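Read the structure below first, then the notes.
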Number of protein chains: 2
Amino acid sequence: MTRGRRRSESSRRAILDAARVLLLEHGYERLTIDAIAAQAGVGKQTIYRWWGSKGAVVADAALAGGLVPPLIPLPDTGDIETDLRAWLRAWTEHLASGVGRSLILALTAATAEDRAVADVLYERFTGPHEQLLRDRLDSACAAGQLGSEVPVPTIAGVLIGSLLYRVLSMQAPPTADDADMVVRLVLAGAA
Amino acid sequence: MTRGRRRSESSRRAILDAARVLLLEHGYERLTIDAIAAQAGVGKQTIYRWWGSKGAVVADAALAGGLVPPLIPLPDTGDIETDLRAWLRAWTEHLASGVGRSLILALTAATAEDRAVADVLYERFTGPHEQLLRDRLDSACAAGQLGSEVPVPTIAGVLIGSLLYRVLSMQAPPTADDADMVVRLVLAGAA
DNA sequence: CATTATCGAGACGACCGGTCTCGATGATGG
DNA sequence: CCATCATCGAGACCGGTCGTCTCGATAATG
């Protein structure tokens with residue numbers, strides 16, 4: 001079918017791995033394409049042949065590159081408060097670590113700087129997490145654990161936003177107690 | 001007392017004004033020191049003599065440079081719901097405009113990229129707004145309009161976070177209805 | 001008037017993003 | 001087995017930016 005050499009899978013992985021490592025090591029602004037190419041043992045053209053910009057590489061590295069922003073599970077035990085608490089606690093724990101914090105900061109910088117990158121990240125990262133939350137909230141709604149007059153999107157946005165603010169304010173990282181209080185506040189309002 | 005020429009106040013203002021204008025015009029990442037110097041009719045050294053980095057100029061421009069992130073007032077009518085609604089509505093209106101959005105995105109990018117800038121911005125921008133919110137919530141607490149079991153810092157963080165997330169998610173900008181729902185949700189939980 | 005610090009202007013080196021070229025490598029079709 | 005062709009690693013190259021440095025001019029002090 002297609003003539004010529006095929007795309008090297010090992011180079012692809014090396015590039016994404018290198019980008020991820022260097023991103024966490026030095027942050028988004030200090031990350032350079034040359035450094036990625038050198039670390040990956042790859043020519044720069046090999047990067048630009050498959051990705052359009054530095055932001056695109058970073059976005060892909062953060063997502064396809066591995067589990068670094070781990071898929072925080074949102075269990076369904078039947079009790080919405082227990083489940084939300086577990087989810088938010090797992091997130092706070094992740095964000096309290098240096099790695100999780102660095103990654104979110106890098107992704108936020110990329111989002112705020114580049115609209116195209118922002119769209120990719122929302123589509124493949126933020127969006128899915130928000131959807132996960134909405135689905136669980138919907139099922140809780142159907143189970144009668146939530147008043148039906150409170151819009152699910154608002155609740156999801158408030159939960160995610162409270163996390164985001166704690167990270168971006170760069171003050172003390174969020175704690176498990178904070179997470180519990182946010183859940184209690186939100187669920188009390190939505191009951 | 002001090003010998004030699006004094007610092008030019010007009011140059012200082014010109015620099016901050018130029019930085020603010022160019023920031024809103026092109027965004028943080030496209031903002032260049034050369035452009036600021038040219039627009040202000042100023043030598044680059046005059047910028048670097050008084051500010052240490054691009055981030056420092058931007059932070060100062062956004063804050064001391066004028067009222068661009070306007071001091072959103074938080075009235076005290078005695079009814080906390082009315083006041084919070086007014087405050088959050090004013091913010092959503094500001095963030096729905098191109099100018100407000102651009103500015104918050106620029107400040108967020110600067111925050112996520114540079115720790116020193118983040119500290120300045122928290123101290124002089126985010127912190128005061130959060131404190132404003134906390135003070136009003138405290139007074140509502142004292143007036144018996146809020147249950148005392150939900151901590152005020154959590155409420156303030158949730159309110160600010162929900163705004164921040166709406167802006168950073170880069171989807172539809174927040175609306176007045178969203179603001180009202182957030183206030184209702186939070187106050188119902190804190191009552 | 002001599003001294004001193006800032007001024008506007010711009011040259012300069014270092015660095016980075018992105019493009020281009022090069023010879024080598026590997027996969028396909030004949 | 002061989003010609004073709006896309007990708008490979010490597011690196012030269014360009015345009016632009018940051019931050020430093022130098023220059024003569026200007027303003028404020030003693």
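Just so it is clear, the values below take in all heavy atoms, side chains as well, and ignore hydrogens, waters and symmetry mates. First the proteins, then the strands, lettered A, B, ... as listed; each starts at 1. Since the structure is predicted, the reported quantities are computational estimates derived from the model, not experimental observations.
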Whether A:Gln39 side chain and A:Ala18 backbone form a donor-acceptor pair below 3.5 Å: no
Donor-acceptor pair, side chain of B:Asp83 and main chain of B:Thr77, under 3.5 angstrom: yes
Please state how far atom [atom1] in [X] lies from atom [atom2] in [N], giving the value in whole angstrom units.
X       : N      : atom1 : atom2 : answer
A:His26 : C:dC15 : NE2   : P     : 15 Å
B:Arg49 : C:dA5  : CZ    : C1'   : 8 Å
A:Tyr48 : D:dA10 : OH    : P     : 17 Å
A:Ile36 : D:dG9  : CD1   : P     : 14 Å
B:Gln39 : C:dA9  : CD    : P     : 13 Å
A:Asp34 : D:dA12 : CG    : P     : 12 Å
A:Trp51 : D:dT7  : CH2   : C1'   : 13 Å
A:Ile15 : D:dC8  : CD1   : P     : 8 Å

Ring-face cation of A:Arg12 near A:Trp50 (centre distance under 6.0 Å, axis angle within 45°): no
Phosphate OP1/OP2 of [N]: any [X] side-chain N/O under 4.0 Å:
X       : N      : result
B:Arg7  : C:dC7  : no
A:Ser53 : C:dG17 : no
A:Thr46 : D:dG9  : yes
B:Thr2  : C:dT4  : no

side-chain contact (heavy atoms from CB on, under 4.5 Å) between B:Val182 and B:Leu84, worked out: CA-CA 10 Å; B:Val182 169; B:Leu84 281 186; over 6 Å; no
Intermediate values then yes/no, salt bridge (charged side-chain N to carboxylate O under 4.0 Å, His left out), B:Arg134 and B:Asp138: CA-CA 6 Å; B:Arg134 289 188 183 186; B:Asp138 279 335; over 6 Å; no
Set out, line by line, the N/O atom pairs under 3.5 Å between protein and nucleotides 21-27 of chain D.
{"residue": "D:dC21", "atom": "N4", "partner": "B:Gln45", "partner atom": "NE2", "Å": "2.6"}
{"residue": "D:dT26", "atom": "O2", "partner": "B:Arg5", "partner atom": "NH1", "Å": "3.2"}

pair A:Tyr165-A:Gln171: side-chain heavy atoms closer than 4.5 Å: no
Over all strands shown, is [X] touching base, sugar-phosphate only, or nothing at heavy-atom distances under 4.0 angstrom?
X       : result
B:Leu31 : sugar-phosphate
A:Trp50 : sugar-phosphate
A:Arg3  : base

First encountered from the 5' end of DNA chain D, between A:Glu9 and B:Ile33: A:Glu9
Pair A:Arg85 + A:Glu81: basic N to acidic O under 4.0 Å: yes
